[in-house]
Amino acid sequence: MDNLTNLNISELHEGYKQKKFSAKEVIKNYLENIKEKDGVISAFLGVYEDLALKQAKEADELISAGKELKSLSGIPIAIKDNILVEGLPATASSKILKDYISAYDAGVVTKLKENGAVFIGRTNMDEFAMGSSTENSAVRLTRNPHDIERVPGGSSGGSAASVASNMTLGALGSDTGGSIRQPASFCGVVGLKPTYGAVSRSGLIAMASSLDQIGPFARNSEDAGEIFLAIQGKDELDNTSSNINYSKEDFFGNNLKSTKQLTIGLPDEYFADGTEKEVSLGIKTAIEKLKSLGINFKKVSLPHSKYALSTYYIIMPAEVSSNLARFDGIRYATKEHEILGKEKSSLLDVYLKERGRGFGVETKRRIILGTFVLSSGYYDAYYHKAQQVKALISQDFNNAFKEVDVILGPVTPTRAFKIGEKSSDPLSMYLSDIFTIPANMAGLPAISIPVKKYEIDGELPIGFHLVGKKFREADLINIGRYYEKI
Ligand code: GLN
């Protein structure tokens, strides 16, 4: 019974139905993995054994009552610490939220509960999802399970590392500029950023609201697709959420023949110099494999992609500065604040002290940058201009999608880097997301799929990146499924 954590969702459900093992046994196996590994990896900020075992029992009760399993019954899912679960802490890995307890469930958590998922724990992240290595967490350092001297990527590093080390089957993360796909690539797991609006953002601690999306991590594309299906669609509490409701058949009924009819575009701009040679090689081998499936390739151009990173570093901080204004030290107050209050400080004192010591360096940098670009006199020169460039980036994708169905490239220019290597050089850290940001700018679905291990030189994982048409997550998942089967 020691390999229950290697089974995928459909294998687990088959096993539950045939009473080969119970959900309780599976969850216990995962909890044991956490005990054994998380002392070193540090992916979790909180693990909820009693809650997880109680939810596992619900799955076992369905089986013993002869009822149908729900789509995620008895499946453990970890949740990034910026997604609210009623009654539990949600800190976004920030000191300013260290005593906050969620007052309600995020839309995705409600949907996970309705679908029977087992909530196994909260995962570490860069503070307020700002970063590419999880080193900006005010709580702890998460290590890459493939090499513990290296970062797991970020900002959803805890979610990626927890899935990569079999401490959970799946996890949720959030992606504003690459925070699901880049850590998925660094940790060798699948990470899907859905179309903007495909998944509710209600109860997600906002970073940059026009770009944020919640999405799944899993060890393979099919499981990632299953988790996406469970969280997709309308939520009355997020009016940017769409009315999609894909069925399992829409996703997994696709045979190889229909997947082969897709044409994949290779943008010249994503294959320029500056990418680590192992990454370029890994991507090349993935392309060769996909060609061997019979999928067609075509060159395309995304000429404005080169402006995506600089545009992102105007739009994102502008929205950050406005979203983070609510953390004033009074709402969501920490316990120390109650002591401060007794010192009869002025209101300004409270703001300065609480924000000064509650936010980390990177968060402050972005609040300051965002406040500047939104300030009167600069708004048109920066924010307005950036919005216009954002529209051009979207237009590039629209043009390319007249000729191809999906676009392929690298996820990141390098493999996982060493802990500390980039933490004192924000610009080189920002460059980590050069290939992932354009999909956020255009609101398109995108996925990181691990290049098969035996094809690459060395031990560090590499992901290949697929960007699809709006609401065509199924194309990305199906290409992944067939690639994984070769
Ligand atoms: N790494 C990027 C940043 O630092 C993206 C973050 C994210 O997607 N949340 O902003």
Side-chain angles (χ1 to χ4, degrees), residues 79-83 92-94 123-137 142 151-160 171-187 191-194 196 199 201 204-217 308-321 323-324 359-370 373 386 390 411-414 416-417 421-448 463 465 467:
I79 299 206
K80 186 176 180 179
D81 201 34
N82 57 354
I83 298 173
S93 289
S94 178
T123 55
N124 197 21
M125 56 185 282
D126 284 300
E127 183 180 22
F128 287 106
M130 299 183 220
S132 303
S133 66
T134 312
E135 291 165 295
N136 293 337
S137 166
T142 298
V151 302
S155 66
S156 315
S159 290
L172 294 187
S174 63
D175 190 312
T176 305
S179 277
I180 293 176
R181 294 159 287 155
Q182 186 258 18
S185 173
F186 279 14
C187 290
L192 170 71
K193 179 203 91 73
Y196 186 77
V199 173
R201 289 179 296 108
L204 168 70
I205 298 174
M207 177 184 164
S209 311
S210 72
L211 306 168
D212 298 341
Q213 259 303 276
I214 294 176
F217 288 91
L309 189 70
S310 34
T311 311
Y312 173 78
Y313 275 93
I314 291 173
I315 295 175
M316 175 273 297
E319 296 183 20
V320 161
S321 71
N323 275 327
L324 269 56
F359 288 136
V361 178
E362 184 61 28
T363 304
K364 285 180 190 157
R365 180 171 14 248
R366 298 195 193 192
I367 292 174
I368 293 168
L369 206 62
V373 300
K390 185 178 182 234
V411 180
T412 58
T414 69
F417 44 85
E421 191 180 321
K422 298 186 193 241
S423 39
S424 55
D425 182 358
L427 271 183
S428 85
M429 188 76 90
Y430 296 170
L431 281 168
S432 229
D433 298 306
I434 192 151
F435 298 129
T436 48
I437 285 173
N440 302 78
M441 288 288 171
L444 298 169
I447 197 169
S448 172
H465 192 217
V467 183

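For ligands, and for the atoms within them, numbers begin at 1 and follow the listed sequence. Worth knowing before you read on, the calculation uses all heavy atoms, side chains too, and leaves out hydrogens, waters and symmetry mates.
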| message | Quick one, Q182 with T436, criterion side chain to side chain donor-acceptor pair (under 3.5 Å). Give me CA distance, side-chain angles, the key distance, then yes/no. | response | CA-CA 8 Å; Q182 186 258 18; T436 48; over 6 Å; no

Ligand 1: which protein N/O atoms lie under 3.5 Å from its N/O atoms?
residue	atom	partner	partner atom	Å
ligand 1	1 (N)	G131	O	2.8
ligand 1	1 (N)	S132	OG	2.9
ligand 1	1 (N)	D433	OD2	2.6
ligand 1	4 (O)	G131	N	2.9
ligand 1	4 (O)	R366	NH1	3.3
ligand 1	4 (O)	R366	NH2	2.8
ligand 1	8 (O)	T176	N	2.7
ligand 1	8 (O)	G177	N	2.7
ligand 1	8 (O)	G178	N	3.3
ligand 1	8 (O)	S179	N	3.0
ligand 1	8 (O)	S179	OG	2.7
ligand 1	9 (N)	A129	O	2.8
ligand 1	9 (N)	T176	OG1	3.4
ligand 1	9 (N)	S179	OG	2.7
ligand 1	10 (O)	Y312	OH	2.7
ligand 1	10 (O)	R366	NH1	2.7

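A heavy-atom distance below 4.5 Å is not found between the side chains of D212 and S174. Counting only heavy atoms from C-beta outward, the side chains of S210 and E319 approach each other to under 4.5 Å.
Checked options D433, D175, T176; the residue passing with N440 is D175 (criterion: side chain to side chain donor-acceptor pair (under 3.5 Å)).
Relative orientation of the F417 and F186 rings is perpendicular, given thresholds of 30° and 60° on the angle between their planes.
A side-chain donor-acceptor contact under 3.5 Å links N323 to the backbone of M207.
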